[in-house]
Structures are given as C-alpha cells and as structure tokens.
Amino acid sequence: MRNVAPSNSLVRRANQVKTLALLVGAVGIFATALGVLLSVLPLVSVTTPAYSTYSFINKFAFVLGIALLSAVVHPFWENGAILLNRGNAV
C-alpha cells in the first residue's frame, strides 16, 4: 500500500524551521549581549545630551534580545516532539 503522507516535505519544512529558529536565536543572543555590554560599559557620559539616546538603545537591545529568545524557545517548548524529531515525519 502506498503512503500518501508528504513526509519528505514535512521533514524539509521542519529543517527550515529549525534553521530559522537557530538564526533568530543567534540574533537574540547577540542583541541581549549587546544590551548587557552597553549597560556595563558606559560609552557615553551621563552629562552628555546623547545619554538618553544611548540609554534607549541599551534598553531596547536588551528587550529585543529577550523577545527574540522567547520567540524561539516558546515553539520548541510547546511542540518539541514535532520540531525536534530528528527528521522523522510525525
């Protein structure tokens, strides 16, 4: 009996999702590290008029990094059996 389930395309799509998640996770880690680095190393003096912009960029990079990491972790946490099935069609 012939299997009509499109298992190859499902595996390909799962691999594409894992690759995209890895890329988004890497960008999230980079943005979070940049936000932490900018908060630890003050590159702009507090008395400088550009300090508010620097502070905004610092906080925005940190929040963006956390948001990207949570966007990556949540689908894998909820559907780990589907996305992390090592190539086996579900």
Side-chain angles (χ1 to χ4, degrees):
M1 184 165 197
R2 187 170 168 253
N3 185 7
V4 294
S7 61
N8 288 338
S9 63
L10 288 175
V11 170
R12 187 176 338 109
R13 189 175 309 144
N15 287 337
Q16 289 172 348
V17 168
K18 287 187 271 189
T19 303
L20 181 64
L22 182 68
L23 179 67
V24 171
V27 171
I29 289 171
F30 177 75
T32 304
L34 183 67
V36 169
L37 179 73
L38 289 177
S39 67
V40 171
L41 292 174
L43 300 176
V44 177
S45 175
V46 178
T47 59
T48 307
Y51 182 75
S52 62
T53 305
Y54 177 79
S55 178
F56 172 74
I57 290 172
N58 169 19
K59 290 175 178 54
F60 181 72
F62 184 74
V63 169
L64 179 70
I66 296 297
L68 287 174
L69 285 174
S70 66
V72 168
V73 169
H74 179 70
F76 282 101
W77 188 270
E78 292 293 320
N79 302 322
I82 295 172
L83 294 178
L84 297 176
N85 59 9
R86 302 191 187 270
N88 298 328
V90 177

Hydrophobic cluster membership, [X] vs [Y], 4.5 Å side-chain cutoff:
{"X": "Val24", "Y": "Leu64", "result": "yes"}
{"X": "Phe56", "Y": "Val63", "result": "no"}
{"X": "Leu22", "Y": "Leu69", "result": "no"}
{"X": "Phe60", "Y": "Leu68", "result": "yes"}

Residues 46-53, side-chain donor-acceptor partners within the protein, below 3.5 Å, at least two apart:
unit_1 : atom_1 : unit_2 : atom_2 : d
Thr47  : OG1    : Ser45  : OG     : 3.2
Thr48  : OG1    : Ser45  : O      : 3.3

Over all atoms of both residues, closest heavy-atom pair of [X] and [Y]:
{"X": "Val72", "Y": "Gly25", "result": "CG2-N, 3.6 Å"}
{"X": "Ile66", "Y": "Thr32", "result": "N-OG1, 3.5 Å"}
{"X": "Tyr54", "Y": "Leu38", "result": "OH-O, 2.6 Å"}

